[in-house]
Amino acid sequence: MENSKLKVKDLVNIGVFVVIYFLILGISSMTFVFLGMTMVKSTLALLCFALAPFVTGIILGTPVILLMAKLQKPWGFFTFGILSPILLWLSGHNSFIPAIGGILLAAIAEFILYLGKYKSFKAMLIAYACYNIWTMLPLADILFVRAKRVKMIQKMGLALVNNVFTTPNVLLILMFALVGGLLGALLGKKMLKKYFTKAGIL
């Protein structure tokens, strides 16, 4: 159907929301990452790193849920979702893991929205929560990318990095990202209740 295709207006909206998303993501996540790098205790450092995707997910929930509600078209969210991971990679991030992971999570989110026919808030909730996981991947790839691990060790020290960046702790950070996404989506729905009613979102 013609009205189900992305139009120039939709692409402009996606571009605007990507700029907003990427700027807030950078400021919010890096604030907590930098705080984590200054900590001398591993528990406090881990808490700061976990709060990065958690708080980011909450803050960005409203604009992302608004975009989902405005688009309600196939491939709309996927187009939005892949741009920030790609921008992160192009901006000099020395690992492709967050970019590839972000694209995969955007595809998963798009599929979830498709199952909800782009009008189900439950689908939006799950889709955004899943997509928000990508915001912790720049931390997770410290486990797999030697250059990043060495760089982090130079800043934090070997003992602290070894205590913080373990597989269980990275999984914990992932859970914080997931919960942050869920809370962000719920907050977005509450703030956009009238808009959701007009848009016919269940």
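Quick note: numbers below take in every heavy atom, side chains included, and nothing from hydrogens, waters or symmetry partners.
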Side-chain atoms of residues 157-169: list all donor-acceptor pairs with protein atoms under 3.5 Å, sequence neighbours left out, distances to 0.1 Å.
unit_1, atom_1, unit_2, atom_2, d
N162, OD1, R149, NH2, 2.8
N162, ND2, L158, O, 3.4
N163, ND2, A159, O, 3.2
T166, OG1, N169, N, 3.3
T166, OG1, N169, ND2, 3.3
N169, ND2, N163, O, 3.0
N169, ND2, V164, O, 2.9

Output, in order, the C-alpha distance, side-chain angles, deciding distance and verdict of side-chain contact (heavy atoms from CB on, under 4.5 Å) for L187 and I65. CA-CA 9 Å; L187 177 63; I65 289 295; over 6 Å; no
Examine [X] and [Y] and state if one hydrophobic cluster contains both, with Ile, Leu, Val, Met, Phe, Trp and Tyr joined whenever side-chain heavy atoms are less than 4.5 Å apart.
X: V16; Y: L192; value: yes
X: V40; Y: I153; value: no
X: V150; Y: V145; value: no
X: M175; Y: L125; value: yes

If you link I, L, V, M, F, W and Y whenever their side-chain heavy atoms are under 4.5 Å apart, who else ends up in the same group as L171?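 Noted: L171 shares its cluster with no other residue.
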How far apart are the closest heavy atoms of [X] and [Y], and which atoms are they?
X: T62; Y: M191; result: OG1-SD, 3.5 Å
X: A185; Y: F121; result: O-CZ, 3.5 Å
X: A140; Y: V170; result: CB-CG1, 3.7 Å
X: A127; Y: M68; result: CB-CE, 4.2 Å
X: A177; Y: N132; result: O-ND2, 2.7 Å
X: A123; Y: I112; result: O-CG2, 3.4 Å

Going from [atom1] on [X] to [atom2] on [Y], what distance comes out if it is rounded to the nearest 0.5 angstrom?
X: I82; Y: L87; atom1: CD1; atom2: CG; value: 10.0 Å
X: I142; Y: M156; atom1: CD1; atom2: CE; value: 8.0 Å
X: L51; Y: I58; atom1: CG; atom2: CD1; value: 9.0 Å
X: K119; Y: M124; atom1: NZ; atom2: CE; value: 8.0 Å
X: N13; Y: K70; atom1: CG; atom2: NZ; value: 5.0 Å

Contact list for residues 41-54, test side-chain hydrogen bond (donor to acceptor under 3.5 Å, both in side chains), sequence neighbours left out: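 Non-adjacent pairs meeting side-chain hydrogen bond (donor to acceptor under 3.5 Å, both in side chains): zero.
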With a cut-off of 3.5 Å and sequence neighbours excluded, list every side-chain donor-acceptor pair involving residues 18-39.
unit_1, atom_1, unit_2, atom_2, d
Y21, OH, W134, NE1, 3.1
S28, OG, T56, OG1, 3.0
S29, OG, L25, O, 2.5
T31, OG1, I27, O, 2.5
T38, OG1, L35, O, 2.6

Exam field: side chain [X] to backbone [Y], donor-acceptor pair closer than 3.5 Å:
X: K73; Y: K5; answer: yes
X: Y131; Y: G81; answer: yes
X: Y128; Y: G61; answer: yes

Among residues two or more places apart or on two chains, list those pairs meeting ring-ring contact (aromatic ring centres under 6.0 Å, His included) that have a residue in residues 168-194.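 As it turns out, the ring-ring contact (aromatic ring centres under 6.0 Å, His included) pairs with a partner in residues 168-194, which skip direct neighbours, are F54-F176.
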Just jot down the side chain to side chain contact (heavy atoms under 4.5 Å, CB included) partners of L71, sequence neighbours excluded, or say none.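 Expected list: L6, D10, I14, L67.
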Tell me if the CZ atom of F111 is crowded by more than 12 foreign heavy atoms within 6.0 Å.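 Atom CZ in F111 is not crowded, with 12 or fewer foreign heavy atoms closer than 6.0 Å.
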Side-chain donor-acceptor distances from residues 98-110 under 3.5 Å, at least two apart:
unit_1, atom_1, unit_2, atom_2, d
E110, OE1, F77, N, 3.4
E110, OE1, F78, N, 3.1
E110, OE2, W75, N, 2.7
E110, OE2, Y118, OH, 2.5

